[in-house]
J.: 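Before I ask anything, let me first share the structure, which is written out below as structure tokens.
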Amino acid sequence: MPVGNQTAEPRNMKIIISSILFVLLSGRLFAQNKLIFHTESADSLLVWMQKGCVKNNRSTLADQPGNQLMEQLLRDKEQNAITYQKALNDFNYKDSTSGNVYLLNDAYKKRFNIAELLNKIKSSDFSAEVYKRAIKYFPDNYIPPRNYEVFFTATGWKWGDAMSFSYIAKNGVYSVSDKGTPAIIFNLTLVCMTYGNTLTEQMDALKDVMSHELFHAVFSDYIKSNWRSWDNVNSGSNVLYLMLNEGMAHYISDGKLLREDYNKDDKLKQKEKAAFASLSDSAKVIFNTEKKEEERSAALNSGLSGKYWKKYICITGLFMAYHIEQYYGAEGLSECIKNGYVYFIKKYEDIRKVNTQLPSLPDEIITLTK
């Protein structure tokens, strides 16, 4: 709610104060089922903003584990971005343009909503539902080896409402690393801004997205111990891997929409065709070794971020997962996870031979499966 709304301020002050008291009474770390929630980064930022953004503890904010990780994830996307410490030092809540790179100004404007949402997250037992959805399509005999950590921040990359990653921690220093422990991070500012207008809508969307991101984390563990080989250097193999990984994650969170509405009219089918067409266009760049590596990487990354239906690598995988389950049941998707991305591609192609109205995958991708 806007800061200038004087009639709402007393109620909002009660919310933020209640949030702070809840933090002090409940501690900073708590577990739900197989998920461990870290709220320190968001809690401390709310307290700091409540106190008028004082200068004397900004380094403490930057040192919070969630903020260390958030900064690295942001600067990986925005390589020329300033440090989070500098953004805090320069931040002025009276200046609407201040702290934009880390969404600090948006966090300040939404601080009361964030506090209310954070209290709801802490008081709601929803992780069992999230966990069940995330592991639904893994082989029946697979038991994930760990609890999974979820970091909540209120700042970060402009598209980073939720991201899965792996990290290493040593002597209080947290570093993003592919060889580390899988985890998830949520930016509660973006959750408040994009997940719905009411607390109920935001919590429902949060469950969907958390299921999506938890799938990524579990999948990361699964392939380390169950796939005999995986070429994660070759760009072609990487595209196929992302189609399976992102497609399944999107299906975990949004499959209900396809199951209920795909055959009602042509709206979803048109989005499906558009995604496959975009993939085909980009494949001509991604798989062209005569193109510069920067151009090929840009074409690949454009299919993974931005507006939902424009993420053509993710969306093609989403529709492929839907069709595989429709034809082969949940067991068909479990076999895809078990046998890998080439199997996933071939399974869809088998369906397309029966239903020729389904869109085709690019020749460049089909060639990789032969």
Side-chain angles (χ1 to χ4, degrees), residues 1-3 12 15-16 19 35 37-46 48-49 61-62 64-78 81 84 87-88 91 93 96-122 124 126 130 149-165 176 183-214 216-217 246 249-250 253-254 301 304-311 314:
M1 189 166 293
V3 176
N12 288 334
I15 292 172
I16 193 75
S19 176
L35 302 180
F37 290 176
H38 297 268
T39 67
E40 307 96 319
S41 295
D43 291 331
S44 58
L45 188 72
L46 290 174
W48 179 68
M49 289 179 169
L61 292 176
Q64 291 290 347
N67 286 334
Q68 291 185 48
L69 296 166
M70 172 276 296
E71 178 182 345
Q72 293 171 57
L73 292 167
L74 181 148
R75 298 185 76 185
D76 180 60
K77 303 293 184 180
E78 307 283 348
Y84 187 50
L88 289 167
F91 180 62
Y93 63 85
S96 62
T97 64
S98 179
N100 277 353
V101 66
Y102 284 93
L103 304 179
L104 272 166
N105 193 267
D106 289 314
Y108 186 82
K109 291 176 181 177
K110 289 287 185 180
R111 65 193 187 280
F112 304 118
N113 306 82
I114 295 169
E116 192 172 15
L117 176 61
L118 196 52
N119 268 345
K120 185 68 174 177
I121 290 169
K122 291 178 178 180
S124 300
F126 61 88
V130 168
E149 298 179 278
V150 183
F151 293 86
F152 291 98
T153 71
T155 51
W157 183 46
K158 62 184 177 181
W159 297 110
D161 58 316
M163 301 175 70
S164 59
F165 63 100
V176 175
I184 304 166
I185 195 164
F186 278 89
N187 181 339
L188 294 179
T189 296
L190 290 176
V191 171
C192 286
M193 292 172 63
T194 63
Y195 281 27
N197 297 319
T198 68
L199 195 58
T200 298
E201 289 174 346
Q202 290 167 5
M203 286 296 293
D204 287 344
L206 187 66
K207 293 176 187 177
D208 291 341
V209 179
M210 193 174 293
S211 301
H212 173 123
E213 298 299 337
L214 181 58
H216 284 315
E246 291 292 344
H250 276 70
S253 59
D254 304 316
N301 291 331
L304 299 170
S305 62
K307 293 183 178 180
Y308 184 88
W309 293 109
K310 297 295 184 181
K311 298 187 291 185
C314 307

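Sequential numbering from 1 along the given sequence is applied to the chain's residues.
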J.: Do you know the tightest heavy-atom contact between Ser41 and Asn67?
T.: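 So the two residues come closest at OG-N, 3.2 Å.
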J.: Going through the checks in order, is the side-chain contact (heavy atoms from CB on, under 4.5 Å) test met by Thr97 and Asn105?
T.: CA-CA 7 Å; Thr97 64; Asn105 193 267; over 6 Å; no
J.: Hey, is the main chain of Ala81 close enough, under 3.5 Å, to the side chain of Arg75 for a donor-acceptor pair?
T.: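 Between the backbone of Ala81 and the side chain of Arg75 there is a qualifying donor-acceptor contact (under 3.5 Å).
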J.: Between Met203 and Ser124, is there a side-chain heavy-atom distance shorter than 4.5 Å?
T.: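 SC-SC contact between Ser124 and Met203 confirmed.
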J.: Taking distance alone, no hydrogens or angles, what donor-acceptor pairs closer than 3.5 Å link side-chain atoms of residues 190-198 to residues at least two apart or in another chain?
T.:
{"residue": "Thr194", "atom": "OG1", "partner": "Leu190", "partner atom": "O", "Å": "2.6"}
{"residue": "Tyr195", "atom": "OH", "partner": "Asp161", "partner atom": "OD2", "Å": "2.5"}
{"residue": "Thr198", "atom": "OG1", "partner": "Glu201", "partner atom": "N", "Å": "3.1"}

J.: Could you go through the side-chain contact (heavy atoms from CB on, under 4.5 Å) check for Lys77 and Met163 one step at a time?
T.: CA-CA 12 Å; Lys77 303 293 184 180; Met163 301 175 70; 4.0 Å; yes
J.: In terms of relative ring orientation, are Phe186 and Phe152 parallel, tilted or perpendicular, with 30° and 60° separating the classes?
T.: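 Ring orientation of Phe186 relative to Phe152: parallel.
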J.: Can you name the closest pair of heavy atoms from Asn187 and Trp157 and give their distance?
T.: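 Smallest heavy-atom distance, with atoms named: ND2-O, 4.3 Å.
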J.: Show your working on side-chain contact (heavy atoms from CB on, under 4.5 Å) between Ile114 and Leu45 and close with a plain yes or no.
T.: CA-CA 11 Å; Ile114 295 169; Leu45 188 72; over 6 Å; no
J.: Would you confirm whether Tyr102, through its side chain, and Thr155, through its main-chain N or O, come within 3.5 Å as a donor-acceptor pair?
T.: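 Judged by distance alone, no pair lies under 3.5 Å.
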J.: Taking all non-hydrogen atoms of both residues, which atom of His216 and which atom of Ser164 are closest, and how far apart?
T.: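 Taking His216 first and Ser164 second, the nearest heavy atoms are CB-OG, 3.2 Å.
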J.: Which label fits Phe91 and Tyr93: parallel for a plane angle under 30°, tilted from 30 to 60°, or perpendicular past 60°?
T.: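 Ring orientation of Phe91 relative to Tyr93: tilted.
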J.: Any side-chain heavy-atom pair from Met210 and Phe126 closer than 4.5 angstrom?
T.: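 SC-SC contact between Met210 and Phe126 confirmed.
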J.: If every non-hydrogen atom of Leu188 is compared with every non-hydrogen atom of Ala42, which pair is closest and at what distance?
T.: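 Closest approach of Leu188 to Ala42, heavy atoms only: CD1-CB, 4.3 Å.
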J.: Are Glu246 and His212 close enough, and set up right, to give a side-chain contact (heavy atoms from CB on, under 4.5 Å), and what steps lead you there?
T.: CA-CA 9 Å; Glu246 291 292 344; His212 173 123; 3.8 Å; yes
J.: Can you tell me how the ring of His250 sits relative to the ring of Tyr308, calling it parallel under 30°, perpendicular over 60° and tilted otherwise?
T.: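 Ring orientation, 0 to 90° scale: tilted.
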J.: Rounded to the nearest 0.5 Å, what's the gap from CG on Leu199 to CG on Asp204? Could you check?
T.: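 Leu199 atom CG to Asp204 atom CG measures 10.0 Å (nearest 0.5 Å).
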J.: For Gly66 versus Ile185, what's the shortest heavy-atom pair and its separation?
T.: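 Gly66 and Ile185 have their closest heavy atoms at O-CD1, 3.7 Å.
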J.: So which atom in Leu104 and which in Ala87 form the shortest heavy-atom distance, rounded to 0.1 Å?
T.: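 Nearest heavy atoms, Leu104 then Ala87: CD1-O, 3.8 Å.
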J.: To the nearest 0.5 Å, what is the distance between CH2 (Trp159) and NZ (Lys307)?
T.: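 So the gap between those two atoms works out to 7.0 Å.
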J.: Considering only heavy atoms from C-beta outward, does the side chain of Glu78 approach that of Lys158 to under 4.5 Å?
T.: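 Contact flag for Glu78/Lys158 side chains = yes.
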J.: What's the separation between atom OG1 in Thr153 and atom CG in Leu103, rounded to the nearest 0.5 Å?
T.: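 Here the rounded value is 9.0 Å.
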J.: Is it the case that the side chain of Gln72 and the backbone of Val176 share a donor-acceptor pair, with hydrogens and angles ignored and the cut-off at 3.5 Å?
T.: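 Indeed, once roles are kept as given, a pair shorter than 3.5 Å links the two residues.
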J.: Any non-hydrogen side-chain atom of Thr189 less than 4.5 Å from a side-chain atom of Arg111?
T.: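 Thr189 does not reach Arg111 side chain to side chain.
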